[in-house]
Each structure stands twice: as structure tokens, then as C-alpha cells.
Amino acid sequence: MKKFNELKNSEILMSPSILAADFANLEPEIKRATDSGADIIHVDVMDGHFVPNISIGVPVVKSLRPITEAPLDVHLMITDPLKYAEAFVKAGADIIVFHEECDSDCQETIDKIRSLGCAVGMSVKPKTPASVLKPYIDQLDMVLVMTVEPGFGGQSFMEDQLPKIREIREMIKATGRNTHIEVDGGIAPGTAQLVKDAGANVLVAGTAAFRAPEGMDVAITEMKK
Ligand code: DX5
Ligand code: ZN
């Protein structure tokens, strides 16, 4: 299993979201994901304030750390990521992705996560334009483009986000940095092709991975190719 900083943005990588896993069996569920070809594990943290839902937090990340070698991609859908970033890094996150729309100062949050030796990413909700990322783009390891309104799994993919993915791919090219583009929300074999064509390389899938009727290995192989 590769470490996060060994992954290249020219590779198509799968980051299954454990939001759709069986929470009573997270260890076997994560093993099922990595055995099926997952490169990264996506952990959705929701505070009931930034988004209208509450999911999991620091203790779960800490419990997952010893049971998998997969990089943990922690998606903070929380109002104040600056306040909680350190706890998530100490718990074992390999990359922290926070939202541009949060209340923390974005530059301070990037600096804080970096100072802790962790990779850092920023996410934009569907209505947020790519241009807000300009001051930060040359400092990021990943940009997460939400292809649904954050808060819940199982929603429909928003095709109108494809131009934004293309725009961010151009911004990244101009920096020359190995910055990944991650997409999250409604990703399944059909929509995977659209986002890959637009320039995304890290595909988050909850429902389409953990609840694939044909099996997670078949679904992941399909989404990667
Ligand atoms: C939504 C979360 C997603 C979610 C994706 O706010 O950020 O990671 O788990 O679920 P699917 O793949 O089912 O749309
Ligand atoms: Zn997510």
C-alpha cells in the first residue's frame, strides 16, 4: 500500500467513503475496501453545523489508524477546522481536507496542518467557484470538488460541476505541483468516466463502493479503468 505522498496525480485512485460502510464492522469493511483495490480511505466528518448531519469524529480516526495501512483522507465538513485539525492529525490522518466556506481563516488552517507534518487539501461546495482557490492552489496537495451538496451519502451527481473540475485542472497545471483533484458525491461507474475526462484523479465513492450489488471489487475496477 502506497503512502499518500507517494501517490501521483496522473494516477486514477479510489477513496471509498466509509459513510456507506457497516459502522458496526469498520475493520472488516476497510479490509474489504483495500482488498477490492481502494488506494485511500475517505472519512467524512460532519459537525451538524457546517452541514445538517452528524457523522464521526476523532475517536473513530484514532481507532482506524492501527487497523489499516491505507492513507486516511479526512474530509472535514465542520465550521471550525482550525480548532480541530491538530486532533485529527494526532489521531492519524494522512491528509486533512477542509472547506473553503468554513469560518476558520483558510491560510492559517493550511499553515497549521502543514506545521503538523500532514498533507492538506481544500474543498469547494457546488455553488462555490474555482476562483476562490487561487490564493491557495500552489500550497495544496489536493482539491476536493463536491459533486453533491455535502451532508449525506446517496445523492445524485451534479453534472454542472464538470467545468469547475476542468478549470481547477488548468490551475494546477500552471503550478506544476502534484496536486490531486478529488471528486465526492454520486460517483459510480457511469459518472466516474465524466469526472476522469474532466481531470479528476481521486474518486470518492460511498454507495457505489460499499453497497455495490456486483461487489466492491467489480465496482472499483470499473470506476478505475
Ligand atoms: C457527502 C460526503 C460523501 C459521501 C458520498 O457529504 O462528503 O463523501 O459519503 O456518498 P455517495 O458516494 O453515496 O454519494
Ligand atoms: Zn466526503
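In listed order, ligands and their atoms are each counted from 1.
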Go through ligand 1 atom by atom and flag the ones less than 4.0 Å from a non-hydrogen atom of [X].
X: Gly154; result: 10 (O), 11 (P), 13 (O), 14 (O)
X: Leu19; result: 9 (O)
X: Asp184; result: 2 (C), 3 (C), 4 (C), 5 (C), 7 (O), 8 (O)
X: His75; result: 7 (O)
X: His42; result: 8 (O)
X: Pro150; result: 6 (O)
X: Asp44; result: 2 (C), 3 (C), 4 (C), 7 (O), 8 (O), 9 (O)
X: Ser17; result: 8 (O), 9 (O)

Identify the protein heavy atom lying closest to [atom], giving its residue, its atom name and the separation to 0.1 Å.
atom: atom 1 (C) of ligand 1; result: Phe152 O, 3.5 Å
atom: atom 6 (O) of ligand 1; result: Gly151 N, 2.7 Å
atom: atom 14 (O) of ligand 1; result: Gly186 N, 2.8 Å
atom: atom 10 (O) of ligand 1; result: Gly153 CA, 3.5 Å

Would you say [X] and ligand 1 have an N/O pair spaced under 3.5 Å apart?
X: Gly206; value: yes
X: Val148; value: no
X: Met46; value: no
X: Thr207; value: yes

Atom pair CD1 (Ile172) and CG (Asn201), whose distance is rounded to the nearest 0.5 Å: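 Ile172 atom CD1 to Asn201 atom CG measures 8.0 Å (nearest 0.5 Å).
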
From CD1 (Ile56) to CZ (Phe23), nearest 0.5 Å: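 One gets 5.0 Å once the value is rounded to the nearest 0.5 Å.
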
Partner residues of Glu29 under the side-chain hydrogen bond (donor to acceptor under 3.5 Å, both in side chains) criterion, sequence neighbours left out: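 Per chain and number, Glu29 pairs via side-chain hydrogen bond (donor to acceptor under 3.5 Å, both in side chains) with Arg32.
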
Expected output: side-chain Gln139 to main-chain Pro135 donor-acceptor under 3.5 Å: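 Yes, Gln139 side chain to Pro135 backbone: donor-acceptor pair under 3.5 Å.
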
Side chain Thr147, main chain Met158, donor-acceptor under 3.5 Å: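 Here the side-chain-to-backbone pair does not exist.
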
Do you know which N/O/S atom name in [X] is closest to the Zn ion (ligand 2)?
X: His75; answer: ND1
X: Asp184; answer: OD2
X: Asp44; answer: OD1

Side-chain donor-acceptor pair present, Thr128, Glu100, cut-off under 3.5 Å: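 No, no side-chain donor-acceptor pair sits under 3.5 Å.
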
Short side-chain donor-acceptor distance under 3.5 Å, His75 and Asp73: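 On atom types as modelled, these side chains do not qualify, holding no pair under 3.5 Å.
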
Salt bridge (charged side-chain N to carboxylate O under 4.0 Å, His left out): pairs with one or both residues in residues 113-132, sequence neighbours excluded: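 Qualifying pairs: Arg114-Asp141, Lys127-Glu149.
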
Verdict with reasoning, Arg211 to Asp22, per salt bridge (Lys or Arg N to Asp or Glu O under 4.0 Å): CA-CA 10 Å; Arg211 301 184 191 173; Asp22 173 2; over 6 Å; no

Salt bridge (Lys or Arg N to Asp or Glu O under 4.0 Å) between Lys164 and Glu167, intermediate numbers included: CA-CA 5 Å; Lys164 195 197 286 183; Glu167 195 180 337; over 6 Å; no

